[in-house]
Amino acid sequence: MAEVTQAASDIPPNKTIYINNLNEKIKLDELKKSLQAVFSQFGKILEVLAFKTLKHKGQAWVVFEDVSFATNALRQMNGFPFYDKPMKIQFAKTKSDVVAKADGTFVPREKRKKHEDKAGKKKKEHHDAANQAGMGMSPAYAGAYGVAPPQLSHMPYNMGGGMGAAVPEAPAPPNKILFVQNLPHQTTPMMLQMLFSQYPGFKEVRMVEAKPGIAFVEFGDEMQSTMASQALQGFKIMGDNAMLITYAKK
């Protein structure tokens with residue numbers, strides 16, 4: 001870990017990564033949620049920081065619980081296209097407030113204090129629930145979490161006709177299209193695209209406006225879709241919603 005030099009020059013590895021070259025047209029709230037969604041696959045996130053000020057446009061900080069999570073995120077995501085712009089990532093030069101508070105070295109900084117006073121309590125409540133994402137990829141998800149509504153589990157891929165009776169069916173055979181359920185209603189196609197496009201063969205994401213919480217993700221072939229499914233099964237984009245991924249019925 002200490003030998004990582006990629007874009008970090010002589011800044012020592014730490015729990016916080018600094019990201020710049022972000023798309024400035026994306027709204028702050030959506031940007032933070034998307035960063036949370038993409039980076040939580042590397043480990044538990046303590047905080048995602050981004051500000052509206054002109055000075056901080058196109059920049060963000062992601063604070064992980066462990067240095068190894070931050071190191072892995074930097075290695076794998078530096079240069080990754082995020083809203084059509086390659087991210088430039090390095091370790092943060094200074095320790096984030098949330099880390100400093102945890103290890104007892106925190107000294108209030110006047111510029112940061114305004115943000116903390118306004119959002120501190122609210123952030124903590126949100127992060128306690130929202131940032132338990134961790135790796136979140138337990139294969140035992142279905143039993144532990146509870147299955148999705150039965151009417152969704154057999155929805156025809158072409159979405160034509162009615163839903164039909166909620167009769168249990170055999171799972172669809174492996175194919176190149178994945179059916180993703182139990183997504184938070186705030187999920188956007190872009191969030192899913194950035195998550196699934198890290199895997200070989202990714203083609204497109206299709207969401208159904210009339211049915212929030214579900215999506216179809218297409219790959220080049222069934223081997224590629226299977227690889228992505230195994231990697232992201234049970235992954236939590238935000239909050240407690242763990243993805244349930246099956247093959248789509250055609």
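Remember, it's a predicted structure, so these values are computed and weren't measured experimentally.
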Query raised in the report: Run the side chain to side chain contact (heavy atoms under 4.5 Å, CB included) check on Thr187 and Leu192 step by step: do they pass?
Result: CA-CA 8 Å; Thr187 306; Leu192 291 176; 3.8 Å; yes
Any donor-acceptor pair under 3.5 Å linking the side chain of [X] with the backbone of [Y]?
| X | Y | value |
| --- | --- | --- |
| Gln233 | Ser229 | no |
| Gln224 | Asp221 | yes |
| Asn14 | Pro12 | yes |
| Ser225 | Asn175 | yes |
| Asn21 | Pro86 | yes |
| Asn182 | Leu244 | no |
| Ser197 | Gln193 | yes |

Shortest non-hydrogen contact from [X] toward [Y]:
| X | Y | answer |
| --- | --- | --- |
| Pro200 | Met227 | CD-SD, 4.0 Å |
| Ala172 | Ala248 | CB-O, 3.6 Å |
| Gly234 | Ala242 | O-CB, 3.4 Å |
| Ile11 | Ala92 | CG2-O, 3.4 Å |
| Ala60 | Leu22 | CB-CD1, 3.7 Å |
| Leu74 | Ile17 | CB-CG2, 4.5 Å |

Looking at [atom1] of [X] and [atom2] of [Y], how far apart are the two atoms once the value is rounded to the nearest 0.5 Å?
| X | Y | atom1 | atom2 | answer |
| --- | --- | --- | --- | --- |
| Ile237 | Met194 | CD1 | CE | 9.0 Å |
| Lys32 | Lys27 | NZ | NZ | 15.5 Å |
| Lys85 | Ile26 | NZ | CD1 | 10.0 Å |
| Glu218 | Glu204 | CD | CD | 5.5 Å |
| Met207 | Thr188 | CE | OG1 | 7.5 Å |
| Leu31 | Met190 | CG | CE | 12.0 Å |

Using a distance-only test with no angle check, is there a side-chain donor-acceptor pair under 3.5 angstrom linking [X] and [Y]?
| X | Y | answer |
| --- | --- | --- |
| Tyr83 | Ser34 | yes |
| Tyr247 | Thr226 | yes |
| Gln59 | Tyr18 | yes |
| Gln41 | Gln198 | yes |

With the side chain counted from C-beta on, respond yes when [X] and [Y] share a heavy-atom pair under 4.5 Å apart, and no when they do not.
| X | Y | answer |
| --- | --- | --- |
| Thr16 | Val62 | no |
| Ser40 | Phe235 | yes |
| Val217 | Phe179 | no |
| Val38 | Phe82 | yes |
| Phe196 | Lys203 | no |
| Asn241 | Lys236 | no |
| Leu178 | Phe216 | no |

Report task. Classify the angle between the aromatic ring planes of Trp61 and His56 as parallel (below 30°), tilted (30 to 60°) or perpendicular (above 60°). Result ->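 Trp61 and His56: perpendicular rings.
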Report task. In sequence, state the C-alpha distance, the side-chain angles, and the governing distance for Met243 and Gln181, and then conclude on side chain to side chain contact (heavy atoms under 4.5 Å, CB included). Result -> CA-CA 6 Å; Met243 282 185 197; Gln181 300 175 73; over 6 Å; no
Report task. Assess whether salt bridge (charged side-chain N to carboxylate O under 4.0 Å, His left out) is satisfied between Lys15 and Glu65, documenting all intermediate values. Result -> CA-CA 7 Å; Lys15 297 178 182 180; Glu65 187 178 55; over 6 Å; no
**Report entry** ILVMFWY cluster, Leu49 and Leu28 together (side-chain gap under 4.5 Å)
**Finding:**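 Result: no, two separate clusters.
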Query raised in the report: Of Val48, Asn72, Ile45, which meets side chain to side chain contact (heavy atoms under 4.5 Å, CB included) against Phe39?
Result: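 The side chain to side chain contact (heavy atoms under 4.5 Å, CB included) with Phe39 is passed solely by Ile45 among Val48, Asn72, Ile45.
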Query raised in the report: How would you list, by chain and number, every residue that makes a salt bridge (charged side-chain N to carboxylate O under 4.0 Å, His left out) with Glu24, sequence neighbours excluded?
Result: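 Salt bridge (charged side-chain N to carboxylate O under 4.0 Å, His left out) check on Glu24 returns nothing, list empty.
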**Report entry** Under the salt bridge (charged side-chain N to carboxylate O under 4.0 Å, His left out) test, residues paired with Asp84 that sit two or more places apart
**Finding:**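 Salt bridge (charged side-chain N to carboxylate O under 4.0 Å, His left out) check on Asp84 returns nothing, list empty.
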Query raised in the report: When you look at NZ of Lys88, are more than 12 heavy atoms from neighbouring residues, nucleotides or ligands closer to it than 6.0 Å?
Result: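 No, the 6.0 Å shell around NZ holds no more than 12 heavy atoms from other groups.
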Requested in this report: Check whether the ring centres of Phe64 and Phe42 lie less than 6.0 Å apart, and answer yes or no.
Outcome: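 Not close enough - the centres of the two rings lie 6.0 Å or further apart.
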Requested in this report: Please step through side chain to side chain contact (heavy atoms under 4.5 Å, CB included) for the pair Ile214 and Leu183, ending with a clear verdict.
Outcome: CA-CA 6 Å; Ile214 68 168; Leu183 295 167; 5.8 Å; no
Requested in this report: Show your reasoning for whether side chain to side chain contact (heavy atoms under 4.5 Å, CB included) applies to Thr246 and Val180.
Outcome: CA-CA 7 Å; Thr246 55; Val180 186; over 6 Å; no
